[in-house]
Protein chains: 2
Amino acid sequence: MQDSFTSFSLQVNNRVYIKNPESSALGLKIVEASINLIDKVGFEAFTFRKLGLEIHSNEASIYRYFESKYKLLMYLISWYWSWMGQRIDFGLANILAPEERLEKAIKLLTEDIELDGNFEHINEYKLNRIVIAEASKSYMTKEVDQNNEEGFFAGYKQLVGQMSNIILEINSTYKYPHMLISTLIEGAHHQRFFAQHLPRLTDEVNGEDAVIEFSKEAAFKAIGARRPINK
Amino acid sequence: MQDSFTSFSLQVNNRVYIKNPESSALGLKIVEASINLIDKVGFEAFTFRKLGLEIHSNEASIYRYFESKYKLLMYLISWYWSWMGQRIDFGLANILAPEERLEKAIKLLTEDIELDGNFEHINEYKLNRIVIAEASKSYMTKEVDQNNEEGFFAGYKQLVGQMSNIILEINSTYKYPHMLISTLIEGAHHQRFFAQHLPRLTDEVNGEDAVIEFSKEAAFKAIGARRPINK
DNA sequence: CAAATATAATAGCAATACTATCATATATGA
DNA sequence: TCATATATGATAGTATTGCTATTATATTTG
């Protein structure tokens, strides 16, 4: 059986699903509708039964693709980080200076997300909201260690590793490159959420995207480097 | 009826509970045992039925104190931030220079937590682990806005506000004081979790507590201030 | 066209998140 | 001290959740 039903396809650890959802029309519908439904009702209220109703299919059929709703969430989040990794790879192509690479990558990681037309069944705008609101629920569990062994977080760890390497190119003596990056990525997500719901935990600045600016500035100052000149 | 059964008592928004757990022996036992149980099995697997068994009491009795396990979690987290606020107030008493105040406060906010003998029914060490692992579940919900209106996050917001003020004392032109503080607090929590479970997302440095050092350094560099000289 | 495979329909089960009812302690204050 | 209020306990019940099992019907493929 072919594993690819879509034209463009991203790498997702095959242990998060039972049957690859990209291998069938039903699978694609499951993914597409799950994004809509989780975004709409939140992960706690999301159930396979409701999802089945939504796509005029069957709870039992969905279980043939994903062992549980947690695994489906893992799938979505892994897909997101794989997509983001690719986005950064493309975005950094042809940029050589590590300072510029870092600045551009931070922008890509912390900016508001827009639709990417390459994946018809995935709404990256909504998926970003899901990652912001639900990602910590995918690893803040009693099963982290097991899930980690199975490689569920490989994409995210790889991305953090790549970013750290850029930082070390700029300042090879900086002691906390992974901390800095993971703090800024998760931090930016939280700040987006706070801006919507708990504004006293964040700051708004006229005429700029404060989340991006804060992240860039904090990163360059932390590693003691000068930001590239704006073209 | 007296609302205070304990000698020392911290302010927790009275809308998170139905009946104040500090007002009775059963209430105190509920709080104490819930910390142990959530820490042990995780919040998802935690139920009032199991808690009832644990304390040889009754599910229905627990519901007379807390509307749901989410409200109980809110209670624990609010208590934690109220406790932390007080810890910082004490810790900063007699320190005048804002740079020293900031440095000390960041240490208190990001260091590993030890038992505080003042509250017999609360194990702050375990509670800290719960806050690290479960706090985002208390606000990353579809009910945030409503909960926020009811004042459930007041303690945390107040703490972030106080810290921001210290930052502004040091550098009144810094644009992102709230962002910086909330990012560092949540970031430090995540880093503690990563160190245990996803070490590739963090950094370890011999001979120092890297979470504290990273946080202090990042804060002072971000606001463009020099760290106070070590005594 | 037969055989394999995927999906749908339905049912069922144990656990969860409550609510309700009634009985029995325990505390309080007149 | 006795009546009354209040707190707790015991038990049961309901709707929903998170699954699994079974059997029937499409659909694909060789």
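The chains referred to below are lettered A, B, ... by the order of the sequence lines, with proteins before strands, and numbering in each begins at 1. Heavy-atom basis, side chains included; hydrogens, waters and symmetry copies ignored.
Residue Tyr65(B) has its side chain nearest to dA7(D) when only dC18(C), dT17(D), dA7(D) are considered. Distance from the side chain of Ser61(B) is smallest to dT8(D) among dA17(C), dT8(D), dA9(C). Here the nucleotide nearest the side chain of Lys19(B), chosen from dT10(C), dA7(D), dT17(D), is dA7(D). Closest contact between the side chain of Lys50(A) and the listed nucleotides dA10(D), dG18(D), dT17(D) involves dT17(D). Each of dA8(C), dT19(C), dA21(D) was ranked by its minimum atom distance to the side chain of Tyr63(B); first place goes to dT19(C). Comparing dT8(D), dA8(C), dA17(C) against the side chain of Leu26(B) picks out dT8(D) as the nearest. Nearest to the side chain of Arg64(B), among dA17(C), dC19(D), dA10(D), sits dA10(D). Comparing atom distances between the Thr47(B) side chain and each of dA10(D), dG12(C), dA17(C) picks out dA17(C) as nearest. The Ala60(B) side chain lies nearest to dT11(D) when the options are dA17(C), dC19(D), dT11(D).
Ion pairing of Glu44(B) with Lys137(B) is present here, as a side-chain N (NZ or NE/NH1/NH2) and a carboxylate O approach within less than 4.0 Å. For the pair Arg87(B) and Glu124(B), the salt-bridge criterion is not met [side-chain N within less than 4.0 Å of a carboxylate O].
Enclosure of atom CD in Glu120(A) is not indicated, since only 12 or fewer non-hydrogen atoms of other residues, nucleotides or ligands lie within 6.0 angstrom. Summarising the local packing, CD of Gln11(A) is surrounded by 12 or fewer heavy atoms from other residues, nucleotides or ligands at distances under 6.0 Å.
Between dA9(C) and Ser57(A), no contact under 4.0 Å exists linking OP1 or OP2 to a side-chain N or O. Using a 4.0 Å cut-off, no side-chain N or O of Lys69(A) falls inside it from OP1 or OP2 of dC19(D). Not one side-chain nitrogen or oxygen of Ser24(A) sits closer than 4.0 Å to the OP1 or OP2 atom of dT5(C).
Put simply, CZ on Phe66(B) is 16 Å from C1' on dC18(C), counting in whole angstrom units. Rounding to whole angstrom units, CD1 of residue Ile18(A) and P of dT7(C) are separated by 13 Å. Rounded to an integer number of Å, the gap from Leu37(B) CG to dT16(C) P is 11 Å. Rounded to a whole Å, the CZ atom of Phe43(A) is 13 Å from the P atom of dT17(D). A straight line from CG of Asn58(A) to P of dG18(D) spans 16 Å, rounded to a whole angstrom. In this entry the distance linking CD1 of Ile55(B) with P of dA10(D) reads 12 Å, nearest Å. Whole-Å rounding puts the Leu53(A) CG to dT10(C) P distance at 12 Å. Between Lys29(B) atom NZ and dT8(D) atom P the separation is 10 Å, expressed in whole Å.
Take the nearest nucleotide of DNA chain C for Arg49(A) and for His56(A): the residue whose nucleotide is more 5' is His56(A).
Below 30°, between 30° and 60°, or above 60°: for Phe194(B) and His190(B) the angle between ring planes is between 30° and 60°, a tilted geometry.
For dC19(D), its base sits under 3.5 Å from the side chain of Glu59(A) at one donor and acceptor pair at least.
Under the 3.5 Å distance criterion, the side-chain polar atoms of Thr110(B) are left unmatched by any main-chain donor or acceptor of Ala188(B).
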